[in-house]
Amino acid sequence: MRKHKPKKRILEPDPRFGDTVVSQFINNMLWQGKKSTAHTIFYGAMDQVEAKTQENPHEVWKRALSNVMPHVEVRPKRIGGATFQIPMEMRPDRKLSIGIKWLIKYSRARAGKGMAEKLASEIMSAAKGEGAAVKKREDTHKMAESNRAFAHFKA
């Protein structure tokens with residue numbers, strides 16, 4: 001058991017939108033510490049979103065992220081030799097980080113040329129409530145709903 005919780009790191013807001021959540025998103029996209037590449041990809045995707053939707057890309061991205069964020073999850077718990085999947089509410093910071101990770105993961109899995117294009121199309125479909133990341137959220141919610149009978153086992 002830990003004695004202390006690790007200190008929460010304070011993120012600098014990103015240069016273009018002045019949003020710390022955007023910085024967190026870019027940091028999650030990093031591969032091999034190439035932050036400038038991640039910035040280029042993200043802002044390239046934002047430009048594509050703006051060109052295709054004629055809307056504020058930051059608003060579209062925030063809408064997409066809120067559509068992807070799960071509210072409940074199932075956690076396994078062993079009770080008397082059987083393992084039950086117990087639905088639990090998620091903490092706000094966990095919701096956000098899981099939503100970000102899913103959006104990036106399913107963008108990478110998409111077909112298309114270049115990560116910026118894939119990310120832009122995943123963001124646009126998630127903003128409309130479609131796409132693989134939104135489907136993942138719905139599946140997670142369905143799983144929690146079907147295991148609601150075990151909710152009284154909460155840890």
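In what follows, every heavy atom counts, from backbone to side chain, and hydrogens, waters and symmetry copies are set aside. Along the sequence shown, residues are numbered consecutively beginning with 1.
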Query raised in the report: Does the salt bridge (charged side-chain N to carboxylate O under 4.0 Å, His left out) test come out yes or no for R75 and E73, once each step is laid out?
Result: CA-CA 7 Å; R75 287 238 168 117; E73 66 179 342; 3.4 Å; yes
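- Between the side chain of E12 and the backbone N or O of T20, no donor-acceptor pair lies under 3.5 Å.
- Relative orientation of the F42 and F25 rings is tilted, given thresholds of 30° and 60° on the angle between their planes.
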Query raised in the report: After noting the C-alpha distance and the side-chain angles of K135 and E138, does the key distance pass the salt bridge (charged side-chain N to carboxylate O under 4.0 Å, His left out) rule?
Result: CA-CA 5 Å; K135 189 182 181 316; E138 285 165 3; over 6 Å; no
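- Using cut-offs of 30° and 60° for the angle between ring planes, the H58 and F17 rings count as parallel.
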Requested in this report: List the steps, then state whether salt bridge (charged side-chain N to carboxylate O under 4.0 Å, His left out) holds for R63 with E55.
Outcome: CA-CA 12 Å; R63 192 167 59 236; E55 288 181 66; 3.4 Å; yes
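- Taken together through direct or relayed side-chain contacts under 4.5 Å among Ile, Leu, Val, Met, Phe, Trp and Tyr, V72 and I100 form parts of separate hydrophobic clusters.
- Contact of the M124 side chain with the Q48 side chain is not registered, since no non-hydrogen atoms from C-beta on lie closer than 4.5 Å.
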Report task. Begin with the C-alpha distance, continue with both residues' side-chain angles, and end with the deciding distance and a verdict on side chain to side chain contact (heavy atoms under 4.5 Å, CB included) for D14 and Y43. Result -> CA-CA 11 Å; D14 80 298; Y43 294 133; 2.5 Å; yes
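- Here the NE2 atom belonging to H141 is positioned 5.0 Å from the NE2 atom belonging to H71, to the nearest 0.5 angstrom.
- Between the side chain of Q54 and the backbone N or O of A51 there is at least one donor-acceptor pair closer than 3.5 Å.
- Smallest separation of non-hydrogen atoms from P87 and R148: CG-CA, 4.0 Å.
- Remark: R110 CZ to E117 CD distance equals 10.0 Å, nearest 0.5 Å.
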Report task. Evaluate the criterion side chain to side chain contact (heavy atoms under 4.5 Å, CB included) for residue pair S97 and Q24; output intermediate values, then yes/no. Result -> CA-CA 8 Å; S97 62; Q24 188 180 344; 4.0 Å; yes
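- Residues that satisfy the side-chain hydrogen bond (donor to acceptor under 3.5 Å, both in side chains) test with N56, not counting sequence neighbours, are absent from this structure.
- Transitive grouping of hydrophobic side chains (ILVMFWY, heavy atoms separated by less than 4.5 Å) keeps W31 and M29 in distinct clusters.
- The structure places OH of Y106 at 4.5 Å from NZ of K136, a figure rounded to the nearest 0.5 Å.
- Between the side chain of N147 and the backbone N or O of I86, no donor-acceptor pair lies under 3.5 Å.
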Report task. Please assess D47 against K52 for the test salt bridge (charged side-chain N to carboxylate O under 4.0 Å, His left out), listing each intermediate value before the final yes or no. Result -> CA-CA 9 Å; D47 293 338; K52 288 176 186 164; over 6 Å; no
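- The minimum heavy-atom distance linking N67 with A126 is given by the pair ND2-O, 2.8 Å.
- Counting only heavy atoms from C-beta outward, the side chains of L119 and W61 never approach each other to under 4.5 Å.
- Under the 4.5 Å side-chain criterion, counting only non-hydrogen atoms from C-beta, K101 is in contact with N28.
- In this structure, CG on L103 lies 13.0 Å from CD1 on I98, to the nearest 0.5 angstrom.
- F84 has its side chain out of reach of V74: every pair of non-hydrogen atoms, C-beta onward, lies at least 4.5 Å apart.
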Query raised in the report: Passes side chain to side chain contact (heavy atoms under 4.5 Å, CB included), K8 versus D93? Steps please.
Result: CA-CA 11 Å; K8 202 94 171 106; D93 56 338; 4.0 Å; yes
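- The two residues A116 and A45 come nearest to each other via the heavy atoms O-CB, 3.3 Å.
- The structure places OG of S107 at 4.5 Å from CD of E122, a figure rounded to the nearest 0.5 Å.
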Can I get a per-line list of side-chain donor-acceptor pairs under 3.5 Å for residues 34-41, giving both atom names and the distance, sequence neighbours left out?
residue: K35; atom: NZ; partner: N27; partner atom: OD1; Å: 3.0
residue: T40; atom: OG1; partner: S36; partner atom: O; Å: 2.7

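- A salt bridge is absent between K142 and E145: the closest approach of a Lys/Arg side-chain nitrogen to an acidic carboxylate oxygen does not fall below 4.0 angstrom.
- Side-chain contact between W102 and V134: absent, with no pair of heavy atoms (C-beta onward) separated by less than 4.5 Å.
- In plain terms, the two heavy atoms of S23 and P13 that are nearest each other are OG-C, 3.4 Å.
- Within the model, atoms CD1 of I123 and NZ of K118 stand 14.0 Å from one another, a figure rounded to the nearest 0.5 Å.
- Considering all non-hydrogen atoms of both residues, S146 and M143 come closest at OG-O, 2.9 Å.
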